[in-house]
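Along the sequence shown, the residues carry numbers beginning at 1.
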Amino acid sequence: MLVSQLQTQNIPMTELQLRLQDGNTFKTVTVNQEVFTIGRLPECDLSLPFAGVSRYHARLTNISEGVWTIEDLGSKNGTLVNDRLINSPKELRHGDILWLGDANLVVLSIDGQVWETKQEENEGQTTILRNVQQLQQQWIEVDSQEGDLSNNLSNRDIIIARLKDLVDIAKNLSGATSIEEIFSQVEKVVFRYLQGIERLALLIDISGDGNLELVNSAARNISQQQYLLDDRDWISRSICQRVFAQKIAIQIADAQNDERFAGEQSILLKGIRSAMAVPLWDESKVVGVLYADARLSAYHWISEGKEELSFFSTLANLVASSVQRWILVEKLKTEELIRHRLERYHSPAVVQQLIAVGKSPDGRLPPQEKEISILFADIVGFTAMSERFAPNQIAELLNNLFEEMLQEIFSYGGTLDKYIGDCIMAFFGAPEPQPDHADRAVTAAKKMLSRLKKLNTNGFWQESIELRIAINSGKAVVGDVGSSQRVDYTALGATINLASRMEGICPPSECVIGEDTYRQLSHPDDFHKMGNYRFKGINRSVCVYQTRLRK
């Protein structure tokens with residue numbers, strides 16, 4: 001019968017060709033020199049700015065005609081060939097998958113020899129590799145020239161039943177709202193029609209960076225299901241990565257006796273003999289892989305493999321659009337949740353930046369030097385107030401006060417740095433540059449004092465509250481600072497220290513500003529000189545200005 005197998009074809013090339021995957025994009029790398037270095041440094045022949053890649057990570061060497069080796073150069077994370085960590089030079093073969101940290105390279109050709117799928121007669125082939133485009137809906141076709149009439153009728157009955165199930169699953173998938181619902185539909189159909197399959201798994205590229213995550217799995221019987229829960233590493237990473245990257249479907253009838261899988265330790269050590277893997281592909285993007293395997297050889301695939309692989313691939317194509325929709329919905333949910341949480345602490349500008357950097361490996365806003373105006377607002381007599389009220393009353397007072405004051409800060413594009421007890425620390429001019437940051441800070445301070453006065457008049461608190469507000473402008477380092485477990489978006493530097501000291505000399509219900517802020521104001525006449533002061537830790541005299549709310 002016609003099956004598809006891995007063939008070699010001579011083409012006019014005399015070099016090694018690799019394919020580099022970077023997210024959803026692919027780049028062909030040509031190696032046409034005897035020694036070729038790979039690493040993070042620009043001096044390497046191939047520079048890979050990926051996580052986990054060492055400065056000089058690995059070396060490719062052409063040791064003879066048509067023979068290339070790869071050698072690890074003492075990298076921190078090692079070099080893997082088809083999931084195997086190499087300790088000495090390893091000869092490369094067509095289709096090998098190389099892992100250097102998070103960098104993924106696939107061997108496309110070696111001195112003019114490339115892998116491709118090709119149709120030809122071969123009754124004994126136990127491994128099938130097919131381009132998924134050739135598999136779409138192929139399982140529906142029935143060869144009327146083969147077998148007797150009753151056999152053909154039986155085949156048609158099976159195909160019609162499968163078609164009905166696929167129509168049903170398409171309807172159900174359109175309304176599925178969770179990945180569990182999607183996988184449940186797939187599980188029922190696979191275990192019903194593919195009798196040789198023992199285990200099934202769904203792997204998805206959730207983050208869109210090419211890293212497949214196991215999101216759900218199932219086994220035909222209860223004992224196997226427990227095995228899946230105990231061992232999350234039962235899937236061949238290299239096979240799934242090849243399926244995902246190359247958009248091919250793979251069916252293995254007997255991996256233990258196929259020399260092409262001699263290096264697949266995840267298959268050999270787990271005792272897997274038969275497996276199928278197909279990409280979740282909807283003609284626009286590959287979003288994951290549907291994987292199934294069994295510990296027994298599926299010799300019936302030698303005669304029926306093409307039809308079952310086509311069916312499995314068609315099922316995956318139906319699932320792909322639902323998975324893609326689920327990924328989008330989850331992404332929107334996550335971003336909305338992040339946005340709601342962040343908006344309690346940051347201005348809209350900061351929230352947008354934090355969501356944007358959430359896609360980067362560390363998800364941080366790197367510290368940068370900025371021109372900002374820093375604002376400190378402190379409750380007058382808070383210590384004495386704490387003695388008069390119960391702790392829950394103090395907490396309620398602070399929550400209400402912060403809620404009111406923060407509205408004014410955010411209205412003028414300010415960013416909340418932190419709450420320090422009863423003190424609000426905020427700044428203007430970052431993360432987005434604001435040339436008028438001094439005016440924004442001063443206007444926000446005036447509005448805060450005016451708002452507080454109205455709240456006191458309306459009896460919003462049990463007793464009147466007064467604020468002291470100090471503002472200073474200048475250079476500061478602004479960005480995420482902290483440990484791997486927790487970071488704060490904050491401002492650091494002498495500008496901040498001076499503003500904190502100035503708050504201590506501010507009269508109640510007033511605002512004081514530093515000389516640098518005064519110079520940048522568009523209406524400096526609103527302020528008058530309060531005097532020159534010296535502050536602890538600052539080796540110079542500082543001119544301080546103050547203003548009162550105009551009646």
Interatomic spacing from CZ in F183 to OG in S217 - rounded to 0.5 Å: 6.0 Å
Stepwise side chain to side chain contact (heavy atoms under 4.5 Å, CB included) test for V544 and I505: CA-CA 10 Å; V544 179; I505 65 167; 4.1 Å; yes
Which atom of V287 lies closest to which atom of F244, heavy atoms considered: C-CE1, 4.1 Å
Under 3.5 Å donor-acceptor, S386 side chain and F382 backbone: yes
F410 to L416 - nearest heavy-atom pair and separation: CE2-N, 4.0 Å
Under the side chain to side chain donor-acceptor pair (under 3.5 Å) test, residues paired with Q393 that sit two or more places apart: none
Donor + acceptor pair across side chains of S522, D439 (<3.5 Å): yes
N532 (side chain) donor-acceptor with S541 (main chain) under 3.5 angstrom: no
Least distance between heavy atoms, C240 atom then Y291 atom: SG-CD1, 3.7 Å
Shortest non-hydrogen contact between L280 and L203, atoms and distance: CD1-O, 4.3 Å
Heavy-atom check, side chain of T517 versus side chain of V442, under 4.5 Å: yes
Exercise: do Q33 and D45 side chains pair donor with acceptor under 3.5 Å: yes
Distance (rounded to the nearest 0.5 Å) between L401 CG and I424 CD1: 5.5 Å
Heavy-atom side-chain proximity of F535 to M502 below 4.5 angstrom: yes
Test item: D96 side-chain N/O and L92 main-chain N/O as donor-acceptor pair under 3.5 Å: no
Pairs touching residues 390-411 that satisfy salt bridge (Lys or Arg N to Asp or Glu O under 4.0 Å), sequence neighbours left out: E404-R451, E408-R451
Min side-chain heavy-atom separation M448-I409 under 4.5 Å: yes
Non-hydrogen side-chain atoms of L98 and I70 separated by less than 4.5 Å: yes
Side-chain donor/acceptor of K247 to backbone N/O of V286, under 3.5 Å: no
Spacing of K453 atom NZ and N458 atom CG [to the nearest 0.5 Å]: 12.0 Å
Within 6.0 Å of CD in E43, more than 12 heavy atoms from elsewhere: yes
Ring centroid separation F428 to Y412 under 6.0 Å: no
Geometric class of the Y419/F402 ring pair [parallel <30°, tilted 30-60°, perpendicular >60°]: parallel
Matching residue for S373 among H437, Q520, Q434 - test: side chain to side chain donor-acceptor pair (under 3.5 Å): H437
Minimum side-chain heavy-atom gap L48-R40 below 4.5 Å: no
Side chain to side chain contact (heavy atoms under 4.5 Å, CB included) between D417 and I496, worked out: CA-CA 11 Å; D417 189 310; I496 287 80; over 6 Å; no
Any donor-acceptor N or O pair under 3.5 Å, side chains N472, T495: no
Approximate separation, where rounding is to 0.5 Å, of N216 CG and I179 CD1: 7.5 Å
Contacts of type side-chain contact (heavy atoms from CB on, under 4.5 Å), residue N211, not counting sequence neighbours: D209
Worked check of side chain to side chain contact (heavy atoms under 4.5 Å, CB included) between V35 and L60: CA-CA 6 Å; V35 178; L60 297 170; over 6 Å; no
Basic-acidic side-chain contact under 4.0 Å: R59, D72: no
Residue among I471, T415, T490 satisfying side chain to side chain contact (heavy atoms under 4.5 Å, CB included) with F427: T415
Chi angles and distances behind the side chain to side chain contact (heavy atoms under 4.5 Å, CB included) call for I97, L105: CA-CA 6 Å; I97 298 179; L105 294 160; over 6 Å; no
Sub-4.5 Å side-chain heavy-atom contact between D516 and K475: no
Inter-residue atom distance L16.CG - N32.CG, 0.5 Å rounding: 10.0 Å
For R19 against Q246, the heavy-atom pair lying closest together: NH2-CG, 2.6 Å
Smallest separation among heavy atoms of V477 and P367, with atom names: CG1-CB, 3.8 Å
Donor + acceptor pair across side chains of S509, E466 (<3.5 Å): yes
Pairs meeting criterion salt bridge (Lys or Arg N to Asp or Glu O under 4.0 Å) with involvement of residues 382-391, two or more places apart: R388-E463
Gap between atom CG of L452 and atom OG of S450 - 0.5 Å precision: 9.5 Å
Heavy-atom side-chain contact between C44 and I38 under 4.5 Å: no
Qualifying residues under side-chain contact (heavy atoms from CB on, under 4.5 Å), relative to N77, sequence neighbours excluded: none
E503: side-chain contact (heavy atoms from CB on, under 4.5 Å) partners, not counting sequence neighbours: F376, D378, R468, A470
Check: H528 and Q546 side chains under 4.5 Å, non-hydrogen atoms: yes
T79 side chain vs A58 backbone, donor-acceptor pair below 3.5 Å: no
Check: K76 main-chain N/O paired with S54 side-chain donor or acceptor under 3.5 Å: yes
